Amino acid sequence: MNVLRRSAAVLAATAVIGAATPATAALAAGTPSPSASTVRPSGLYGSADPKFDGVWRQSLALLAQRTVGVTPAAKAVDWLTGQQCANGSFAAFRAEPTAACDAKVTVDTNSTAAAVQALKAVGGHDDAVGKAVTWLKSVQNTDGGWSYTPGGGSDTNSTSVVVGALTAAGARADRTPYDLLSKWSVRCDQDGGGGLAYQPDKKGGLAANADATAAGVLAALGKGFVTTAGKASARGPACADSGKALTRTEVARNGAAYLTDTLAAKGYLVSALAGAAPQPDYGNTADAVVALAAQGWTEQARKPYAWLAAHATPWAKLSGPAAYAELVFAAHAMGANPRDFGGTDLVASLAATGPAPRTAAAHTEERTSSGAGVWWIVGTGLVAGIGIGFLFSGRRKQQP
């Protein structure tokens with residue numbers, strides 16, 4: 001779930017990190033950076049400077065906890081809601097959240113869409129979710145897609161994470177994004193057939209990209225960061241063109257076929273900086289596992305998932321809460337136990353990076369959309385429903 005909206009060049013440069021965040025990628029691409037931070041805020045997950053990914057990693061951490069039935073600490077949720085601008089958008093990080101968002105604050109679709117999925121899962125923040133959704137709909141491009149920052153060219157990754165947010169919120173875009181995904185799916189008779197491009201090059205050419213493909217598969221299926229295994233399709237992992245514009249189902253199936261073929265050699269995805277030897281790409285491999293499972297191809301996802309369970313824990317420990325969250329999402333999609341991930345308890349490891357979650361029977365005050373306070377008893381088995389759509393699902397003619 002790198003869900004990074006970036007050009008192919010930036011993808012190649014940052015994917016080797018595995019946990020490169022959307023904001024980091026945007027910065028590398030020349031996007032103005034958010035305000036610098038000084039002391040890590042109370043309530044925030046992770047110890048690294050949050051100026052590039054604070055909202056992103058916080059959102060994924062909260063969403064991962066809710067996925068496994070854990071109730072996040074109140075101050076962790078409060079930190080996220082406190083980052084929202086008055087118009088509903090989120091920036092990667094605001095060092096002074098009490099100050100009004102002005103032109104110097106670079107808001108973006110990825111941080112906003114991630115926050116929507118997290119706050120919807122946590123519950124009790126309908127006003128914040130509604131404002132964020134309204135803003136996301138207002139910055140949709142005329143081609144049906146979204147860019148990282150408003151006014152930029154649409155890309156598969158940003159489009160996918162917004163589709164997931166709209167699906168989670170039960171909202172619909174004004175224009176369908178699925179025709180765009182179909183146009184950016186590489187034809188089967190071409191190099192990288194079945195895969196999706198991050199976005200076309202200046203001449204309109206398409207280059208398949210594994211990160212964008214995983215995102216595109218989820219969007220085409222109408223899924224977000226969190227999904228369970230779909231129903232296995234009767235047809236195997238083979239790319240197939242219909243001779244017409246691809247349907248959402250065909251986009252997802254062809255994308256899954258591309259991921260299956262790409263994973264076949266090593267059982268994991270690789271990436272490298274220019275002039276450097278290829279390195280394992282843990283984050284994109286986790287994204288691919290989620291996408292394949294969502295397609296119903298858990299058999300094809302079994303080998304890369306096993307590889308992650310055997311090798312990805314040191315990467316997550318180094319990379320922080322967003323990485324742990326990605327692995328939780330992969331385990332959840334595969335129907336595996338994230339508390340026994342190759343011998344590691346991902347849930348406890350994630351919790352250790354920030355405020356301790358509330359106890360199972362804690363009383364939590366949630367606000368309704370009208371602002372009235374209501375007390376609820378939260379049990380250990382409570383898992384917030386996430387009708388998500390991560391980067392990337394949602395299929396043809398039906399808008400999110």
Side-chain angles (χ1 to χ4, degrees), residues 1 3 22 45 55-74 76-85 87-90 107-140 146 158-173 177 218-219 221-228 290 294 321-322 325-326 328-329 332-333 357-358 364-372 374 376 378 381-394 399-400:
M1 180 158 330
V3 193
Y45 280 86
V55 167
W56 180 262
R57 76 191 193 211
Q58 190 80 351
S59 297
L60 267 62
L62 299 181
L63 183 55
Q65 289 184 330
R66 292 307 303 127
T67 299
V68 296
V70 172
T71 302
V77 179
D78 291 343
W79 183 89
L80 181 59
T81 57
Q83 288 286 303
Q84 189 173 32
C85 295
N87 67 354
S89 65
F90 285 78
V107 297
D108 67 86
T109 61
N110 287 230
S111 297
T112 305
V116 166
Q117 296 188 49
L119 293 176
K120 188 64 179 178
V122 170
H125 297 279
D126 289 348
D127 285 347
V129 169
K131 289 171 63 178
V133 166
T134 297
W135 181 81
L136 287 170
K137 292 173 65 176
S138 76
V139 296
Q140 184 180 22
W146 282 267
S158 295
T159 298
S160 178
V161 70
V162 175
V163 166
L166 296 181
T167 303
R172 296 167 66 89
L218 285 178
L221 293 172
K223 307 295 182 182
F225 295 153
V226 179
T227 181
T228 54
V290 174
E326 290 191 57
V328 168
F329 299 151
H332 180 75
R358 286 180 257 188
T364 64
E365 183 178 15
E366 299 181 341
R367 293 190 177 278
T368 65
S369 57
S370 64
V374 177
W376 296 92
V378 181
L382 179 62
V383 180
I386 305 171
I388 269 176
F390 166 54
L391 349 212
F392 330 157
S393 306
Q399 297 177 233

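Small disclaimer: the values here were computed from a predicted structure and weren't measured. Along the sequence shown, residues carry numbers from 1.
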Heavy-atom pair with the smallest gap, counting every atom of [X] and [Y]:
| X | Y | result |
| --- | --- | --- |
| Arg66 | Ala121 | NE-O, 3.7 Å |
| Ala165 | Val116 | O-CG1, 3.6 Å |
| Ala61 | Ala325 | N-CB, 4.3 Å |

If you define the side chain from C-beta out and look only at heavy atoms, does anything of [X] sit under 4.5 Å from [Y]?
| X | Y | answer |
| --- | --- | --- |
| Leu119 | Gln84 | no |
| Thr71 | Pro357 | no |
| Tyr45 | Leu60 | no |
| Leu80 | Phe90 | yes |
| Trp79 | Val55 | yes |

Could you tell me the separation between the [atom1] atom of [X] and the [atom2] atom of [Y], rounded to the nearest 0.5 Å?
| X | Y | atom1 | atom2 | value |
| --- | --- | --- | --- | --- |
| Leu221 | Thr167 | CG | OG1 | 11.0 Å |
| Thr112 | Trp56 | OG1 | CH2 | 11.0 Å |
| Ser89 | Asp108 | OG | CG | 8.5 Å |

Check: [X] side chain, [Y] main-chain N or O, donor-acceptor pair, under 3.5 Å:
| X | Y | value |
| --- | --- | --- |
| Arg358 | Ala73 | no |
| Gln140 | Trp146 | no |
| Gln117 | Leu63 | no |

Considering only distance and modelled atom types, tabulate donor-acceptor pairs under 3.5 Å from the side chains of residues 129-137, sequence neighbours left out.
residue	atom	partner	partner atom	Å
Lys131	NZ	Ala86	O	3.2
Thr134	OG1	Gly130	O	3.0
Lys137	NZ	Arg172	O	3.3

Between Thr228 and His332, does a side chain to side chain contact (heavy atoms under 4.5 Å, CB included) hold up when you go through it step by step? CA-CA 6 Å; Thr228 54; His332 180 75; 3.6 Å; yes

Let me see the working for Phe225 and Val161 under side chain to side chain contact (heavy atoms under 4.5 Å, CB included), right down to the final yes or no. CA-CA 8 Å; Phe225 295 153; Val161 70; 3.4 Å; yes

